[in-house]
Number of protein chains: 2
Amino acid sequence: MSVTRIHIKRNSDTFELRRCQIFTEILNLYIQTAAPVGSRTIARRLRNSLSPATIRNIMADLEELGYIEHPYTSAGRVPTDQGYRYYVNALMQQSHLTEDEEETIRAAHERHCTELEEIIERASRLLSEVSNQAALVLFSGVSRDIFKRIALIPLDSGSNRLLVVFVSASGMVRNYKVELPEPIEDIQMERLTRLLNQELEGLPLAQIEYHLKRRMMMEQGSLYYNLFKQALAIIKATILTSKEERLWLEGTSRILEQPEFKEVTRTRALLRLLEEKEPLLELLRQDLEQDQRCRIYIGSEMGNEAMKWYSLVTRSYKIGDRVIGTVGILGPTRMEYSHSVALVDRMAGLLGEVISQMGEL
Amino acid sequence: MSVTRIHIKRNSDTFELRRCQIFTEILNLYIQTAAPVGSRTIARRLRNSLSPATIRNIMADLEELGYIEHPYTSAGRVPTDQGYRYYVNALMQQSHLTEDEEETIRAAHERHCTELEEIIERASRLLSEVSNQAALVLFSGVSRDIFKRIALIPLDSGSNRLLVVFVSASGMVRNYKVELPEPIEDIQMERLTRLLNQELEGLPLAQIEYHLKRRMMMEQGSLYYNLFKQALAIIKATILTSKEERLWLEGTSRILEQPEFKEVTRTRALLRLLEEKEPLLELLRQDLEQDQRCRIYIGSEMGNEAMKWYSLVTRSYKIGDRVIGTVGILGPTRMEYSHSVALVDRMAGLLGEVISQMGEL
DNA sequence: TTTTAGCACTCAATTTAGTTGAGTGCTAAT
DNA sequence: ATTAGCACTCAACTAAATTGAGTGCTAAAA
């Protein structure tokens with residue numbers, strides 16, 4: 001009673017292998033049916049090469065390892081988050097898209113379009129449709145984008161209201177309205193525009209401030225000093241202040257189509273959370289830092305009670321080697337991870353490509 | 001058995017009045033509790049001035065009129081869509097916002113901001129929070145907006161790619177990328193810009209095409225002819241092609257908090273529909289045509305199976321007397337219509353105001 | 001040592017039957 | 001025109017019984 005007997009001494013390779021096989025079987029069945037899996041079912045699936053009793057023993061082992069668990073004494077087994085993690089890390093095999101899926105994706109990308117936002121919205125819709133889960137796309141391009149061109153447009157002649165139009169290398173266009181402390185002459189404005197475009201072209205946004213400050217120092221005392229000062233002020237008030245992060249979330253209603261939806265409270269909590277967006281953003285921002293392959297967050301790993309029953313598969317997408325955002329699929333922990341990974345990979349690749357092309361134009 | 005006896009001959013004013021009173025009572029009770037209302041409950045609410053039996057008779061009348069119905073033989077009564085309609089048209093009294101609500105709304109509008117989209121997003125969130133229902137805001141400003149200013153920015157020097165920046169009177173800024181059939185010189189472009197700004201300032205977008213064509217005719221043979229031709233081409237490729245309708249939808253998860261949510265299929269169907277957006281848009285577009293006070297669509301009136309159990313309260317908002325969009329609340333048919341109307345009215349007024357101010361700046 | 005058959009046991013889920021109570025419609029008395 | 005009274009209906013709840021998929025353990029077989 002007091003000593004927990006750990007009897008997984010049968011550690012030869014064959015046993016190890018068989019355990020994995022049975023675990024995968026449980027996992028797959030559970031993914032398909034959403035119902036706890038029992039020993040007899042597994043036995044049948046293995047064409048009775050092992051008896052239910054044996055499988056029960058192995059299941060006991062798996063439970064001790066923390067990969068599966070009992071909802072109650074006499075129910076079948078259900079994978080734990082730890083189990084999914086093990087599967088994802090060690091057992092999962094690469095999966096490929098079906099021809100249908102390829103076709104759908106290709107068809108959707110046939111119509112070209114020039115609006116970045118439209119491209120992203122479509123991509124998120126597409127991903128949601130093909131995966132039949134909720135899909136998300138984060139665009140956080142601006143902050144890691146590159147300066148291409150700026151234009152200053154007076155909003156009222158003679159006034160001090162200014163429209164600043166900014167075009168980034170990735171083709172994104174942004175507008176900012178600014179109010180200057182005092183009216184600015186047309187000639188001065190033209191100079192300013194020319195200066196900014198000459199100085200900043202090709203510069204990553206992160207370096208702009210530093211660069212302008214340095215140049216300002218250099219020009220100290222010269223005619224240009226004031227110009228640089230003004231330029232810096234404008235840039236600071238516009239491009240640098242805006243944290244242009246935007247999240248698209250599509251197909252949340254598909255979450256209601258899963259059987260786990262029956263648990264009303266779970267679903268409600270999740271949808272609430274998704275509407276807030278901030279918690280998700282925090283998670284996604286991590287992906288921006290490193291350029292890795294797919295990231296998978298399983299249930300409790302997301303560190304949020306409301307997301308306990310859901311998993312997230314994400315991958316960053318990029319222009320060249322600059323990460324500019326993240327795409328992802330959100331579904332119940334009981335999801336087909338390999339398939340989701342394949343989809344997310346494809347979407348991330350495609351989205352990067354399409355946006356790159358757009359920027360080049 | 002064969003002849004339906006209609007015994008609503010008691011048509012004197014007192015009876016009429018009493019019927020209304022009881023109907024309102026049923027309606028209010030049902031709105032509060034979401035449970036069918038029985039004759040005894042009503043009798044108690046009327047301090048037993050009438051016996052349950054009498055009330056049953058009246059209820060039978062109301063049922064014959066189509067205002068209430070039985071879910072099953074021995075259940076209480078539930079208002080029908082027709083009943084809600086009657087209430088809304090004839091019985092509903094104007095309601096005012098509570099101080100709390102006023103306070104919340106005012107607080108939210110304290111922080112000024114310059115981005116149109118941000119203002120609208122905030123407004124929809126706010127409306128959803130205060131009403132505790134799903135809220136929506138349609139912005140369809142552009143098509144009925146007024147020209148203010150245009151700017152042309154070459155994207156690559158010497159190339160034929162152009163960024164067109166357009167500012168409308170309501171303060172909205174739009175960008176379009178266009179590809180010209182042949183490169184355009186800087187001087188020519190400046191002329192073009194000046195021409196467009198001079199010709200079109202203050203013109204409703206709907207009249208732009210006609211105006212330019214007419215001017216083109218007038219200048220036939222003159223030096224300006226080609227300029228006008230080019231101008232028209234650009235305008236057509238940008239401002240006039242874009243149908244810049246955008247719908248914000250916030251707080252859909254609040255729908256899950258209503259008791260009618262138990263009917264899983266209903267909710268699922270609704271959320272699905274809301275994600276598509278198009279059906280809602282169609283409905284909302286109608287409001288743009290006339291400037292009326294609040295519009296109320298009740299359940300089946302929306303002509304969509306999935307929305308059968310929900311109602312929509314909308315009102316257009318405007319700049320001056322130009323309608324530029326619609327705000328609305330979406331909730332179960334069993335909603336507090338008068339309160340929703342008050343909220344929607346306030347939001348529509350406020351939103352119009354805020355956007356107007358923004359445009360003036 | 002591993003596998004399996006057998007058995008007692010558990011427990012959610014389903015079924016069944018019975019009870020309750022809010023509500024109705026009708027009729028006859030007030 | 002109103003009400004009291006009565007028979008009837010039916011969802012919702014309760015409690016008990018049944019079912020069956022599943023378990024763990026043990027002892028025998030391989």
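Every chain is numbered from 1, with letters handed out A, B, ... down the list of sequences.
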Colleague: In whole Å, I'd like the distance from the CD1 atom of B:I68 to the P atom of C:dT24.
Modeller: 9 Å
Colleague: Check if the side chain of A:S74 and the base of C:dT10 share a donor-acceptor pair of N or O atoms closer than 3.5 Å.
Modeller: yes
Colleague: Tell me, please, which residues at least two apart from B:D81 pass salt bridge (charged side-chain N to carboxylate O under 4.0 Å, His left out).
Modeller: none
Colleague: Parallel under 30°, tilted from 30 to 60°, perpendicular over 60°: which one fits the rings of B:Y86 and B:Y67?
Modeller: parallel
Colleague: Roughly how many Å is it from CE in B:M59 to C1' in D:dT2, rounded to a whole number?
Modeller: 17 Å
Colleague: Closest approach to the side chain of B:E63, judged atom by atom: which nucleotide of C:dA12, C:dG25, C:dT4 is it?
Modeller: C:dG25
Colleague: Check B:E102 with B:R346, please: is the shortest side-chain N to carboxylate O separation under 4.0 Å?
Modeller: yes
Colleague: Between B:R56 and A:R77, name the one whose nearest nucleotide on DNA chain D is closer to the 5' end.
Modeller: B:R56
Colleague: What is the separation between atom CG on B:N57 and atom C1' on C:dG25, rounded to the nearest whole Å?
Modeller: 9 Å
Colleague: What parts of residues 36-54 of chain B reach DNA chain C, counting only heavy atoms under 4.0 Å away?
Modeller: B:G38, B:S39, B:T41
Colleague: Would a 4.5 Å heavy-atom cut-off, applied to side chains only, mark B:L270 and B:T252 as touching?
Modeller: no
Colleague: Got a sec: does the NZ of B:K277 have more than 12 other heavy atoms crowding it under 6.0 Å?
Modeller: yes
Colleague: Sub-3.5 Å donor-acceptor pair from the side chain of B:S128 to the main-chain atoms of B:S124, do we have one?
Modeller: no
Colleague: Mind calculating the distance between OH (B:Y30) and P (C:dG23) to the nearest angstrom?
Modeller: 14 Å
Colleague: Just how far, in rounded Å, is P of C:dA22 from NE2 of B:H70?
Modeller: 16 Å
Colleague: Is the B:Y84-B:Y337 ring centre distance short of 6.0 angstrom?
Modeller: yes
Colleague: A:T73 side chain N/O closer than 4.0 Å to the phosphate oxygens (OP1, OP2) of D:dT23?
Modeller: no
Colleague: Check the distance between D:dG24's C1' and A:I58's CD1 and give it to me in whole angstrom.
Modeller: 15 Å
Colleague: Starting from P on D:dG24, measure out to CD on A:E69 and report it in whole angstrom.
Modeller: 14 Å
Colleague: Could you check how far CD1 of B:I55 sits from P of C:dG25, rounded to whole Å?
Modeller: 13 Å
Colleague: Just to confirm, is there a sub-4.0 Å distance from OP1 or OP2 of D:dT2 to any side-chain nitrogen or oxygen of B:R18?
Modeller: yes
